[in-house]
Amino acid sequence: MTVMDQVYQEHRAPASPGYPRILSLANQKGGVGKTTTAINLGTALAAIGERVLIVDLDPQGNASTGLGIDRRSRNVSTYDVLIGEAPLRDAVVATAVPRLQIAASTMDLSGLELELGAARDRAFRLRNAITALNTSATEATDYTYVLIDCPPSLNLLTVNAMAASDAILVPLQCEFFALEGLSQLLQTVEQVRSTLNPNLSIHGIVLTMFDSRNNLSNQVVADVRQFMGSKVYNTMIPRNVRISEAPSYGKPVLVYDLKCVGSEAYLRLATEVIERERQLRTH
């Protein structure tokens, strides 16, 4: 029995409805843990029985690299999908984690905004690609979650992600300017909601790189919880050297070291995400 099978037996999630929930991981600030959270939340959801697709929309391609996808093997990427040269299914590759697949990215994405120019559907390219993906799903690729890893900017790529998503999951680093960046992101979400996607919501805010020994970290947590209330997940992702080491081995931290505090935090976060999904469905 593999490590992931062991986790699946211990934490198995309830059956999800027959359509994927689409969550974008977005924050225009870099270095806040977006990609790390996309990789490890995706792995944790897969470990407890969900079928997960990560869509890498960051030209740097760190989510793809962090899941062990070699740059030379990215023959079809999310760039090809967004310019309309390939269906999303052709960009999807398997990872070493059961039930977790990824649509990898390349640096070509950085020129997308210029290439699409004034195309009328430029904000809906990803939404249309995911819709087509759903209609041709097989049992092996019938995803229950699609996680979109956004670039650290509020550009056309991020707008595509928000236009395609049911909700936004915001990783927020426990640092001094956290709330300042959050308010800017919330304004963008509101603009997308009013013009492109009226059903878009904030799924939750996950506090990352938390250090309980640091007074500033504790103050940021208090401020964010006061400002955003129940939108903030109870789970906080701690500063953990194993989380930092894992990507250099092309592995999620749950595969690299299942027992470390970082892995345990991401498993708790996955459980909390599913619990919020259950509450949303019952309401």
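- Residues Met209 and Val261 do not share a hydrophobic cluster, clusters being chains of Ile/Leu/Val/Met/Phe/Trp/Tyr side chains in contact below 4.5 Å.
- Nearest heavy-atom pair, Ala47 versus Arg99, reported as atom, atom and distance to 0.1 Å: O-NH2, 4.1 Å.
- Taken from CZ in Arg239 to SG in Cys174, the straight-line distance is 8.5 Å, to the nearest 0.5 Å.
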Report the C-alpha distance between Thr36 and Tyr266 in whole Å, list the side-chain angles of each, state the deciding distance to 0.1 Å, and finish with yes or no for side chain to side chain contact (heavy atoms under 4.5 Å, CB included). CA-CA 10 Å; Thr36 301; Tyr266 277 114; 3.7 Å; yes

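- Listed here is the closest heavy atom pair of Arg122 and Asn160: O-ND2, 2.7 Å.
- Atom CD1 in Ile148 sits 4.0 Å away from atom OG in Ser165 (nearest 0.5 Å).
- A single hydrophobic cluster is seen to contain both Val232 and Leu185, as judged by linkage of ILVMFWY side chains at heavy-atom distances under 4.5 Å, directly or through other members.
- A donor-acceptor pair under 3.5 Å is formed between the side chain of Asn197 and the backbone N or O of Met162.
- Ile83 has its side chain within reach of Glu115: a pair of non-hydrogen atoms, C-beta onward, lies under 4.5 Å apart.
- Atom CG of Leu25 sits about 8.5 Å away from atom CD1 of Ile54, to the nearest 0.5 Å.
- Put simply, the side chain of Ser217 never gets that close to the backbone of Arg213: no donor and acceptor are under 3.5 Å apart.
- Checked by atom type and distance alone, the side chain of Arg51 pairs as donor or acceptor with a backbone atom of Asp142 at under 3.5 Å.
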Full working for side chain to side chain contact (heavy atoms under 4.5 Å, CB included) between Leu182 and Ile205: CA-CA 10 Å; Leu182 178 61; Ile205 294 159; 4.0 Å; yes

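- Within the 4.5 Å cutoff, side-chain heavy atoms of Cys260 are placed close to those of Val253.
- Scanning all heavy atoms of the two residues, the minimum distance from Val255 to Lys251 falls at CG1-CD, 4.1 Å.
- A 4.5 Å side-chain heavy-atom check between Lys29 and Pro152 finds every atom pair outside the cut-off.
- Counting heavy atoms from C-beta outward, Asp166 and Ser201 have side chains that stay 4.5 Å or more apart.
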Verdict with reasoning, Asn62 to Thr35, per side chain to side chain donor-acceptor pair (under 3.5 Å): CA-CA 7 Å; Asn62 291 339; Thr35 298; 5.2 Å; no

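- A donor-acceptor pair is defined here as one N or O able to donate and one able to accept, closer than 3.5 Å; no such pair exists between the side chain of Ser77 and the backbone of Ala104.
- Judged by distance alone, the side chain of Gln173 and the main-chain N or O of Leu207 form no donor-acceptor pair under 3.5 Å.
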Please test Ile243 against Tyr256 for side chain to side chain contact (heavy atoms under 4.5 Å, CB included), starting from the C-alpha separation and ending with a verdict. CA-CA 9 Å; Ile243 293 178; Tyr256 181 62; over 6 Å; no

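- Hydrophobic cluster membership is shared by Val92 and Val146, with clusters built from Ile, Leu, Val, Met, Phe, Trp and Tyr side chains linked at under 4.5 angstrom.
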Give the intermediate values and the outcome of side chain to side chain contact (heavy atoms under 4.5 Å, CB included) for residues Leu82 and Leu126. CA-CA 6 Å; Leu82 293 177; Leu126 183 59; 3.9 Å; yes

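- Ser24 places no side-chain N or O within 3.5 Å of a backbone atom of Ala26 that could act as its donor or acceptor partner.
- Considering all non-hydrogen atoms of both residues, Ala129 and Val81 come closest at CB-CG1, 3.6 Å.
- For the pairing with Asp223, the side chain to side chain donor-acceptor pair (under 3.5 Å) check across Gln226, Arg225, Gln219 returns one residue only, Gln219.
- Between Phe124 and Leu196, some side-chain heavy-atom pair lies under the 4.5 Å cut-off.
- The structure places NZ of Lys34 at 14.5 Å from CG of Leu147, a figure rounded to the nearest 0.5 Å.
- In the hydrophobic clustering of this structure, Val170 groups with Met236; members are Ile, Leu, Val, Met, Phe, Trp, Tyr whose side-chain heavy atoms approach within less than 4.5 Å, directly or through other members.
- Both Leu156 and Ile130 sit in one connected hydrophobic cluster of ILVMFWY residues. Membership requires side-chain heavy atoms under 4.5 Å apart, directly or through other members.
- Contact check for Asp257 versus Lys259: side-chain heavy atoms found under the 4.5 Å cut-off.
- Results of the side chain to side chain contact (heavy atoms under 4.5 Å, CB included) test with Leu112 over Asp108, Leu116, Leu114 single out Leu116 as the only residue that passes.
- The shortest heavy-atom contact between Leu133 and Arg89 is O-NH2, 2.8 Å.
- Atom OG in Ser110 sits 9.0 Å away from atom CG in Leu157 (nearest 0.5 Å).
- Contact of the Leu169 side chain with the Val273 side chain is registered, since non-hydrogen atoms from C-beta on lie closer than 4.5 Å.
- Of the possible donor and acceptor atoms, one in the side chain of Thr188 sits under 3.5 Å from a partner among the backbone N and O of Gln184.
- Using a 4.5 Å heavy-atom threshold, the side chains of Ile168 and Leu23 count as separate.
- Between the side chain of Thr37 and the backbone N or O of Gly33 there is at least one donor-acceptor pair closer than 3.5 Å.
- Of the candidates Leu57, Val55, Asp56, Asp56 is the only one forming a side chain to side chain contact (heavy atoms under 4.5 Å, CB included) with Ser105.
- The two atoms that bring Ile22 and Ala164 nearest to each other are CD1-O, 3.4 Å, heavy atoms only.
- A distance-only check finds no donor-acceptor pair linking the side chain of Gln101 to the backbone of Thr95 [under 3.5 Å].
- Within the model, atoms OG1 of Thr144 and CG of Leu53 stand 10.5 Å from one another, a figure rounded to the nearest 0.5 Å.
- A distance-only check finds no donor-acceptor pair linking the side chain of Glu272 to the backbone of Tyr233 [under 3.5 Å].
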